[in-house]
Amino acid sequence: MMARQALHPATGGASNATRPFVDFNRVWLAYDDDLARRGEFAVEDISLQAAEGEFIAIVGPSGCGKSTFMKLATGLRQATRGAVSINGEKVSGPLKQVGMAFQAPTLLPWRTTLDNVMLPLEIVEPYRSTMRAKRDEYVARARDLLKTVGLAGYEDKYPWQLSGGMQQRASICRALIHQPRMLLLDEPFGALDAFTREELWCVLRDLWQAQRFNVILVTHDLREAVFLADTVYVMSARPGRILLRREIDLPRPRPLDVTYSEPFAERVHELREKIGHVRQQ
């Protein structure tokens, strides 16, 4: 992703052990000054923190501000009030070392799978400047990543030759190829059938377990949130506010079979009940 601001490695010794990696401090957002003057906010008074390597999920009714939250986290939108900090630095512009994937894979139709995955390396520094000298190394990294998600042998295929699930696997690889400190996912599996969706839950789980980048997942799927996340936040209807923070204390690594267990069902039910109350308000 193109951007201006980098996520710098942590410095400062022991104090960073307790400093949140993601920190929203009483954040409000109106989409323009006129709306702000009228008190019409998309999200209001959002405060949350995520530790380094934490996987969080944001759930809530449609239009509650989940995607707005993502824009704030990436620096694509600036807070009207309050502050967003990533790795101890206030976000003042689009972040550099962030990967993003959306519901639509948005692969470029004229590029092969391999070339689509490598696209961020042609855009983001320091990779852009070293692409010519290190191209073989970067190609090997992309091939290894594709192999990890089950796409070995599909490197030279074009998007129209891949299934929806394959395209989304490639999209996740593209989001991770530049080794970001944080991955943001906006309904990445929403358009897929249930079987493929669960397959990709496991792919994402394994990638995160191996690399422990931070993840912010926006989803309507409560089972997805409980299976993948360390912590789930429930947002209210617009203007979006955080109504509930629920730590998911199911042991890791989580096999898919856990989704059929009673403890898993209890956690999903609690979230569904809270969102049901939101819709009735």
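The neighbour count for R26 CZ, taken as heavy atoms of other residues, nucleotides or ligands under 6.0 Å away, does not exceed 12. Other residues, nucleotides and ligands contribute more than 12 heavy atoms inside 6.0 Å of the CZ atom of R252. Crowding of E262 atom CD: a count of heavy atoms from other residues, nucleotides or ligands under 6.0 Å not exceeding 12.
Listed by first and then second residue, the ring-ring contact (aromatic ring centres under 6.0 Å, His included) pairs that reach into residues 85-119 come to none, sequence neighbours excluded. The ring-ring contact (aromatic ring centres under 6.0 Å, His included) analysis of residues 66-92, with sequence neighbours excluded, yields the pairs F24-F69.
Put simply, the side chain of L183 reaches to within 4.5 Å of the side chain of L204, judged on heavy atoms. Residues L146 and T113 are in side-chain contact: their nearest non-hydrogen atoms beyond the backbone lie under 4.5 Å apart. For the pair E54 and F21, the minimum side-chain heavy-atom distance is 4.5 Å or more. Under the 4.5 Å side-chain criterion, counting only non-hydrogen atoms from C-beta, L207 is in contact with V149. Residues L243 and M235 fail the side-chain proximity criterion, which asks for heavy atoms closer than 4.5 Å. Two residues are said to be in side-chain contact when any heavy atoms from C-beta on lie closer than 4.5 Å; V234 and I242 fail this criterion. Contact check for L256 versus T259: side-chain heavy atoms found under the 4.5 Å cut-off. Taking the side chain as every heavy atom from C-beta outward, M118 and R141 never approach each other to under 4.5 Å.
Judged by distance alone, the side chain of H178 and the main-chain N or O of V98 form a donor-acceptor pair under 3.5 Å. Judged by distance alone, with hydrogens and angles left aside, the side-chain atoms of Q78 form a donor-acceptor pair with the main-chain N or O of G75 at under 3.5 Å. The backbone N or O of F227 lies less than 3.5 Å from a partner atom in the side chain of R254, making a donor-acceptor pair. Between the T112 side chain and the D115 main chain, a donor and an acceptor come within less than 3.5 Å of each other. Remark: the backbone N or O of L108 is paired with a side-chain donor or acceptor of N116 at under 3.5 angstrom. Side chain of Q168 to backbone of Q103: a donor-acceptor contact under 3.5 angstrom is found. In this structure, the side chain of W208 engages the main chain of F213 through a donor-acceptor pair within 3.5 Å. For Q167 (side chain) and P159 (main-chain N/O), a donor-acceptor pair under 3.5 Å exists by modelled atom type. Judged purely by atom type and a 3.5 angstrom limit, S163 uses its side chain to pair as donor or acceptor with the backbone of M166. In this structure, E122 contributes its side chain and M131 its backbone to no donor-acceptor pair below 3.5 Å.
Each of L162 and Y158 belongs to its own hydrophobic cluster when Ile, Leu, Val, Met, Phe, Trp and Tyr are linked at side-chain heavy-atom distances under 4.5 angstrom. With hydrophobic clusters built from ILVMFWY side chains whose heavy atoms lie under 4.5 angstrom apart, L151 does not share a cluster with L107.
Under the rule for a ring pair (Phe, Tyr, Trp, His ring centres under 6.0 Å), Y233 has no partner lying at least two apart in sequence or in another chain. In this structure, the salt bridge (charged side-chain N to carboxylate O under 4.0 Å, His left out) partners of E247, at least two apart in sequence or on a different chain, are R245. Take R169 and apply the salt bridge (charged side-chain N to carboxylate O under 4.0 Å, His left out) test, not counting sequence neighbours, and it matches E199. Taking F41 as the reference, W28 meet the ring pair (Phe, Tyr, Trp, His ring centres under 6.0 Å) condition, with sequence neighbours excluded.
Using a 4.0 Å cut-off between charged nitrogen and carboxylate oxygen, K147 and D144 do not count as a salt-bridge pair. A salt bridge does not link R212 with E52: every distance from a Lys NZ or Arg NE/NH1/NH2 to an Asp or Glu carboxylate oxygen is 4.0 Å or more. Of the charged side-chain nitrogens involved, none lies within less than 4.0 Å of a carboxylate oxygen, so that K66 and D186 do not count as a salt-bridged pair. Taking a cutoff of 4.0 Å between a charged side-chain nitrogen and a carboxylate oxygen, R38 and D34 qualify as a salt bridge. Between R81 and D45 no salt bridge is recorded (no basic side-chain N to carboxylate O distance below 4.0 Å).
Between the side chains of T106 and R174, at least one donor N or O lies within less than 3.5 Å of an accepting N or O. When only modelled atom types and interatomic distance are considered, S129 and E125 share a side-chain donor-acceptor pair under 3.5 Å.
For the pair L222 and L271, the tightest heavy-atom approach, listed with the atom from each and the gap, is CD1-C, 4.0 Å. Nearest heavy-atom pair, I248 versus A229, reported as atom, atom and distance to 0.1 Å: CB-O, 3.5 Å. Across I172 and F189, no two heavy atoms sit closer than the pair CD1-CE2, 3.7 Å. Taking both residues in full, the closest heavy atoms of I56 and A50 are given as CG2-CB, 4.1 Å, listed atom of the first, atom of the second, then distance. Across all their heavy atoms, F264 and R223 have their closest contact at CZ-O, 3.4 Å. Listed here is the closest heavy atom pair of C173 and L145: O-CD2, 3.3 Å.
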CA sep, side-chain torsions, deciding dist, call: V27, E44, side chain to side chain contact (heavy atoms under 4.5 Å, CB included) | CA-CA 6 Å; V27 171; E44 61 179 35; over 6 Å; no
Could you walk me through whether N25 and V84 pass the side chain to side chain contact (heavy atoms under 4.5 Å, CB included) test, one step at a time?
-> CA-CA 6 Å; N25 184 12; V84 179; over 6 Å; no
Can you list the steps and then say if V22 with Q49 is a side chain to side chain contact (heavy atoms under 4.5 Å, CB included)?
-> CA-CA 5 Å; V22 178; Q49 293 77 38; over 6 Å; no
Can you check side-chain hydrogen bond (donor to acceptor under 3.5 Å, both in side chains) on Y31 and T68, steps first, answer last?
-> CA-CA 10 Å; Y31 275 102; T68 299; 2.6 Å; yes
Would R246 and E270 satisfy side chain to side chain contact (heavy atoms under 4.5 Å, CB included), going step by step from the backbone distance to the final call?
-> CA-CA 9 Å; R246 180 66 163 95; E270 178 187 358; 2.6 Å; yes
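The structure places CG of L95 at 10.0 Å from CE of M100, a figure rounded to the nearest 0.5 Å. In this structure, the separation between OG on S85 and CZ on R19 is 9.0 Å, given to the nearest 0.5 Å. Distance check: S67 OG to R77 CZ gives 12.5 Å after rounding to the nearest 0.5 Å. Taken from OG1 in T80 to CG in L72, the straight-line distance is 8.5 Å, to the nearest 0.5 Å. In this structure, CG in N214 is found 8.0 Å from CZ in R181, a value given to the nearest 0.5 Å. For the atom pair CG of L200 and OG of S171, the computed distance is 10.5 Å after rounding to the nearest 0.5 Å.
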